[in-house]
Number of protein chains: 2
Amino acid sequence: MTEPTGADRDAATARDAEAVSKFVESFAAQLVEAGMQRMPARVFAALLSSDSGAMTSVELGEQLRISPAAVSGAVRYLAQQHMVSREREPGSRRERYRVHSNQWYEAITNREAVVKRWEYALREGVDSLGGDTPAGRRLAETLAFFEFIETEIARMMDRWRVHREQHFGKD
Amino acid sequence: MTEPTGADRDAATARDAEAVSKFVESFAAQLVEAGMQRMPARVFAALLSSDSGAMTSVELGEQLRISPAAVSGAVRYLAQQHMVSREREPGSRRERYRVHSNQWYEAITNREAVVKRWEYALREGVDSLGGDTPAGRRLAETLAFFEFIETEIARMMDRWRVHREQHFGKD
DNA sequence: CCTTAACTTCACAAATTTGTGAAAGAAGCG
DNA sequence: CGCTTCTTTCACAAATTTGTGAAGTTAAGG
C-alpha cells in the first residue's frame, strides 16, 4: 500500500472515527426528523464533519456503510438542492463532493422556489375565491406574509454575511 | 332537515365548491412537496380556504372525502404543530378546528424546537471533534449561523406584526 | 481503440408509511 | 344513568419509499 486506506491519517488531523460517526448519525437523525431523506442527511452530515469538507464517493460509502448506488442517489439530491457541489479532481475519474458552508446556508434559507410556488397557488386561490370574500381575504393576507418573509430573509442573509466576516474572517 | 347540509349556503357567501376544492388540492400539493404529510396538508388547506376559518370534523371529512379516522389523525398533528386550534362549540359534542392566521405564521417560522435540536447536535459535535480541528471549526460556524438565524427570525416576526397591522388592521 | 476504474441507472425485495373499517371511548341530553 | 352522537384508537391491507445488487455507461490512460 502506498497510501493509507480511507481518509487522512496525518497525526495532527487524525480523526476519531468513532466520534465522527456518532456526530454524523445524531446530526443526520435531526435532519431526518426535520423532513430530509435519510441518505442525503447522512451524506451531508459526513461531509460537514470531514476535515477537508470534501469526500469521494468511495470514502462516503465506507464511512456510512452504504452502496455506491446509495451514495449516487444521495449526492444527486444534495447537488440539486445546492447543498453540495461536485468537483472532478483533475487526472482521475474520482468525483469529490464538497460542502461549501456559505453555499448551504443559502440553500437552507433560500426556499425561494418553494415559497414562490406557495405564492403562486395562493394567488390562484385569491383569484378564484374572490378578493372580497372572507376566505379570499385570508388567502391574500397569507400571500402578503410570504412576500414579506421573502424580502426579509434576503436582508437577513446580507446581515449574516457581515456578521460572519467579522467573526470568522473571509476564508 | 332544519339546517342545510354541509357548509354555509347563504347567497352572499355561497362557495363555489369546485373552486375551493381546486385550491385546496393544489395548495396542499405544494405543502406536501415541501415535506408535509398529505392529510394534514389537505386539512390545513381546507381550513385556510373556508370562509369562517373553522370547520367541524364531519365537514372536513365530507369535503376531502376521507374517513373520520383520517381527520382525527390530521388535526392531532396540526394541533401539535400549533397550526390549528381545537374549539368545542358549547352545547354540542362537535369539535371545531380553526386556523388562526397569526398562529400559523408563528408556527411556520418558529421551527424553534427543530433548530434547538440541531444546535444541540452541533455543540456535541464541536466538543467531541475539538474546536481546534478544521471539522470542529466548520461545525462551530454552522452553529453560529443557526444562533444568528434564531434571533433574526424573532425580530423579523416583530416587524411582520407591525407591517400586518398597518396593512390589514388588528382583527 | 481497448481496458479498466468510477459513477449511474434499473428492477426488485424489504421496510415503512398511509388511510381505512371496526370497535372502543367520551360527553351532552333526556 | 343510559342513549346517542361524535371522536379516537387499533390492527391491518394497500401503497409508497428505500437501498441494494447487477448491469450499463462514461471517460482516463495506456
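In what follows, every chain begins at residue 1, and chains take the letters A, B, ... in the order their sequences are listed.
- Atom CD of B/Glu89 and atom P of D/dC6 are 10 Å apart (whole Å).
- In terms of modelled atom types and a separation under 3.5 Å, the side chain of B/Arg98 and the main chain of B/Ser52 share a donor-acceptor contact.
- Among the nucleotides C/dT20, C/dT8, D/dT20, the one closest to the side chain of A/Ile66 is D/dT20.
- Following rounding to the nearest Å, B/Arg65 (CZ) and C/dG19 (P) show an atom-to-atom distance of 16 Å.
- For the OP1/OP2 pair of D/dT7 and a distance below 4.0 Å, the side-chain nitrogens and oxygens of B/Ser57 include at least one atom meeting the criterion.
- Ring geometry for B/Trp160 versus B/Phe168: interplanar angle of 30 to 60°, hence tilted.
- The listed nucleotides are C/dG21, C/dC7, D/dT7; the one nearest the side chain of B/Ser67 is C/dG21.
- Taking atom CD of residue B/Glu59 and atom C1' of nucleotide D/dT7, one finds them 15 Å apart after rounding to whole Å.
- Put simply, CZ on B/Arg38 is 16 Å from P on C/dT17, counting in whole angstrom units.
- Whole-Å rounding puts the A/Tyr77 OH to C/dT8 P distance at 17 Å.
- The residue among B/Val75 and A/Pro90 whose nearest nucleotide of DNA chain D lies closer to the 5′ end is B/Val75.
- Proximity of A/Gln81 to A/Met36: side-chain heavy atoms (C-beta onward) are nowhere separated by under 4.5 Å.
- With a 4.5 Å cut-off on side-chain heavy atoms, B/Phe44 and B/Leu31 count as touching.
- Within the nucleic acid shown, A/Gly91 comes within 4.0 Å of sugar-phosphate atoms alone, with no base atom in reach, counting heavy atoms only.
- The phosphate of C/dA26 has neither OP1 nor OP2 within less than 4.0 Å of any side-chain N or O from B/Arg93.
- The number of heavy-atom neighbours closer than 6.0 Å to CZ of A/Arg96, taken from other residues, nucleotides and ligands shown, is above 12.
- In this structure, of C/dG21, D/dT20, C/dT18, it is C/dG21 that holds the atom nearest to the side chain of B/Ala69.
- Comparing the axis of the opening five pairs of the helix from C/dC1-D/dG30 to C/dG30-D/dC1 with that of the closing five pairs yields an angle of 20°, rounded to 10°.
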Item to complete: Would you check, one step at a time, whether the test salt bridge (charged side-chain N to carboxylate O under 4.0 Å, His left out) holds for A/Arg123 with A/Glu119?
Response: CA-CA 6 Å; A/Arg123 258 180 224 110; A/Glu119 291 179 358; 3.7 Å; yes
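- At D/dT18, none of the side-chain N or O atoms of A/Arg42 fall inside 4.0 Å of OP1 or OP2 (strictly under the cut-off).
- Residue B/Arg88 has no polar side-chain atom (N or O) positioned under 4.0 Å from OP1 or OP2 of D/dT5.
- For B/Ala70, taking side-chain heavy atoms from C-beta onward, the closest of the listed nucleotides C/dT20, D/dG19, D/dT7 is C/dT20.
- For CZ of A/Arg65, the number of neighbouring non-hydrogen atoms (other residues, nucleotides, ligands) closer than 6.0 Å is 12 at most.
- What separates CG of B/Leu60 from P of C/dG19 is a distance of 15 Å, to the nearest Å.
- Taking the six-membered ring for Trp and thresholds of 30 and 60 degrees, A/His163 and B/Phe148 have ring planes inclined between 30 and 60 degrees apart.
- The CE atom of B/Met39 sits 4 Å away from the P atom of C/dG19 (whole-angstrom rounding).
- Taking atom CZ of A/Arg94 as the reference point, atom P of C/dA5 lies 11 Å away to the nearest angstrom.
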